[in-house]
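Notes follow once the structure below has been shown.
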Amino acid sequence: MTDSSLLSGKLLFEFQTISAMVEIYCKAHHCNKPQNSLCESCDEFLAYAETRLDRCPYGQEKPTCNKCPVHCYKPQMKQKAREIMIYAGPRMLLPHPIMAIKHLLAERKPAPGKPPKEASNRHLRKQS
């Protein structure tokens, strides 16, 4: 599973969840890649997702993406994320049961209101 040098806390968990989903999706859909690695398009998507998580205006209080009122993904990447999650979501229970259950529980939480000012992970990192 991929780790991030930018993220910590709940954002890191979100990144690890999407990373696990991308691995499941890539393994099933892109067979012409080296063992235990992602294809170029999936690797680019994962880097994009990491950047978006880093810049999320909710910071550590980020809701799951499908509950979030702020849509920060470009339309093409949003469609790819949806495709990956639809395929890999149900398949997460066997390889990553705790992660899958935590994600399902997080989806049940109500969407927060307006994001607090300067709460993004990137903003906090730049202040330090």
Side-chain angles (χ1 to χ4, degrees):
M1 197 174 334
T2 308
D3 277 335
S4 171
S5 60
L6 299 175
L7 306 172
S8 63
K10 291 180 184 179
L11 292 175
L12 180 59
F13 178 76
E14 280 285 323
F15 180 70
Q16 289 170 339
T17 303
I18 190 67
S19 175
M21 288 184 179
V22 169
E23 285 177 21
I24 291 169
Y25 178 84
C26 191
K27 186 177 179 182
H29 289 86
H30 307 132
C31 298
N32 57 350
K33 60 181 177 31
Q35 188 73 14
N36 295 328
S37 67
L38 298 175
C39 70
E40 188 176 327
S41 69
C42 288
D43 201 34
E44 287 173 9
F45 172 78
L46 206 53
Y48 180 80
E50 181 182 26
T51 302
R52 297 286 84 200
L53 283 169
D54 184 44
R55 296 179 182 177
C56 178
Y58 287 98
Q60 292 295 329
E61 300 307 314
K62 179 195 175 309
T64 57
C65 290
N66 65 343
K67 294 278 188 180
C68 190
V70 178
H71 299 289
C72 56
Y73 277 49
K74 293 178 184 175
Q76 181 183 3
M77 291 298 207
K78 186 176 180 179
Q79 180 58 37
K80 181 158 179 134
R82 182 176 286 129
E83 187 179 314
I84 289 169
M85 289 180 191
I86 287 172
Y87 178 81
R91 292 164 177 83
M92 284 279 291
L93 276 172
L94 290 176
H96 307 284
I98 294 171
M99 189 180 291
I101 291 169
K102 278 185 170 181
H103 186 69
L104 287 172
L105 291 174
E107 282 183 344
R108 296 185 64 131
K109 291 181 182 176
K114 188 176 178 184
K117 282 192 171 213
E118 302 174 349
S120 76
N121 188 61
R122 180 175 188 243
H123 184 81
L124 296 175
R125 239 182 338 100
K126 297 283 182 180
Q127 280 183 340
S128 297

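Sequential numbering from 1 along the given sequence is applied to the chain's residues. Side chains are part of it too, since the values below use all heavy atoms of this structure and drop only hydrogens, waters and symmetry mates.
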Can you tell me how far [atom2] of [Y] sits from [atom1] of [X], rounded to the nearest 0.5 angstrom?
{"X": "Thr17", "Y": "Met92", "atom1": "OG1", "atom2": "CE", "result": "5.5 Å"}
{"X": "Lys78", "Y": "Arg52", "atom1": "NZ", "atom2": "CZ", "result": "13.0 Å"}
{"X": "Phe45", "Y": "Gln76", "atom1": "CZ", "atom2": "CD", "result": "11.0 Å"}
{"X": "Ser19", "Y": "Leu12", "atom1": "OG", "atom2": "CG", "result": "10.0 Å"}
{"X": "Cys26", "Y": "Glu40", "atom1": "SG", "atom2": "CD", "result": "11.0 Å"}

- So which heavy atom on Lys62 is nearest to which on Cys56, and how close? CG-SG, 3.5 Å
- Task: Apply side-chain contact (heavy atoms from CB on, under 4.5 Å) to Lys10 and list each qualifying residue two or more places apart in sequence or on a separate chain.
- Result: Gln60, Glu61
- Any residue meeting side-chain contact (heavy atoms from CB on, under 4.5 Å) with Thr51, in chain and number order, not counting sequence neighbours: Arg55
Taking ring-ring contact (aromatic ring centres under 6.0 Å, His included) as the test, write out the residues that go with [X], two or more places apart.
{"X": "His29", "result": "Tyr25, Tyr87"}
{"X": "Tyr48", "result": "Tyr73"}
{"X": "Tyr58", "result": "none"}

- Would you list the pairs meeting salt bridge (charged side-chain N to carboxylate O under 4.0 Å, His left out) in which at least one residue belongs to residues 83-112, sequence neighbours left out? none
Taking the side chain as everything from C-beta on, heavy atoms only, tell me whether [X] gets closer than 4.5 Å to [Y].
{"X": "Leu46", "Y": "Phe15", "answer": "yes"}
{"X": "Lys80", "Y": "Ser41", "answer": "yes"}
{"X": "Glu50", "Y": "Ile18", "answer": "no"}

Clusters formed by hydrophobic residues whose side-chain heavy atoms approach within less than 4.5 Å: which one holds [X], and what are its other members?
{"X": "Leu94", "value": "none"}
{"X": "Ile86", "value": "none"}
{"X": "Ile101", "value": "Leu93, Leu105"}

Side chains of residues 113-124: which donor-acceptor pairs under 3.5 Å do they make with residues two or more places apart or in other chains?
| unit_1 | atom_1 | unit_2 | atom_2 | d |
| --- | --- | --- | --- | --- |
| Glu118 | OE1 | His123 | NE2 | 3.4 |
| Ser120 | OG | His123 | N | 3.1 |
| Asn121 | ND2 | Leu6 | O | 2.8 |
| Asn121 | ND2 | Asp54 | OD1 | 2.7 |
| His123 | NE2 | Gln127 | NE2 | 3.1 |

